[in-house]
Amino acid sequence: MENYTKLKELVASIEADAQKFYNNGNSAAGTRVRKGLQEIKTLAQEIRNEITAIKKCSKKISLFI
């Protein structure tokens with residue numbers, strides 16, 4: 001759940017730069033948004049892997065019950 005909270009914070013943190021890029025055409029803000037989106041992509045993949053690991057673990061436990 002910690003990574004999910006980080007993901008939400010990351011999305012919120014790029015909002016201002018996204019507005020600067022789309023509304024004002026600020027290309028530096030666009031670069032920051034792209035960097036933030038790459039971090040989001042990486043973190044989302046970590047969350048996916050974590051969920052898969054938890055699901056596999058719970059399936060193994062249910063086999064023994």
Please tabulate, for side-chain N and O atoms in residues 30-37, each donor-acceptor pair with protein atoms closer than 3.5 Å (sequence neighbours left out).
unit_1: T31; atom_1: OG1; unit_2: S27; atom_2: O; d: 3.2
unit_1: R32; atom_1: NE; unit_2: D17; atom_2: OD1; d: 3.1
unit_1: R32; atom_1: NE; unit_2: D17; atom_2: OD2; d: 3.1
unit_1: R32; atom_1: NH2; unit_2: D17; atom_2: OD1; d: 3.0

Open item on the list: Membership question, hydrophobic clusters at under 4.5 Å side-chain separation (ILVMFWY): are I40 and I51 in the same one?
Closed with: yes

- [ ] Might you point out which heavy atoms bring S13 and L10 nearest each other, and give the distance in Å?
- [x] OG-O, 2.7 Å

Task: Pair listing, salt bridge (charged side-chain N to carboxylate O under 4.0 Å, His left out) test, anchored in residues 39-53, at least two apart - done: none

Task: Neighbour count above 12 (heavy atom, 6.0 Å) for Q45 CD - done: yes

TODO: Looking only at non-hydrogen atoms, find the nearest pair between F21 and N26 and report the distance.
DONE: CD1-O, 3.3 Å

Task: ILVMFWY cluster, Y22 and I14 together (side-chain gap under 4.5 Å) - done: no

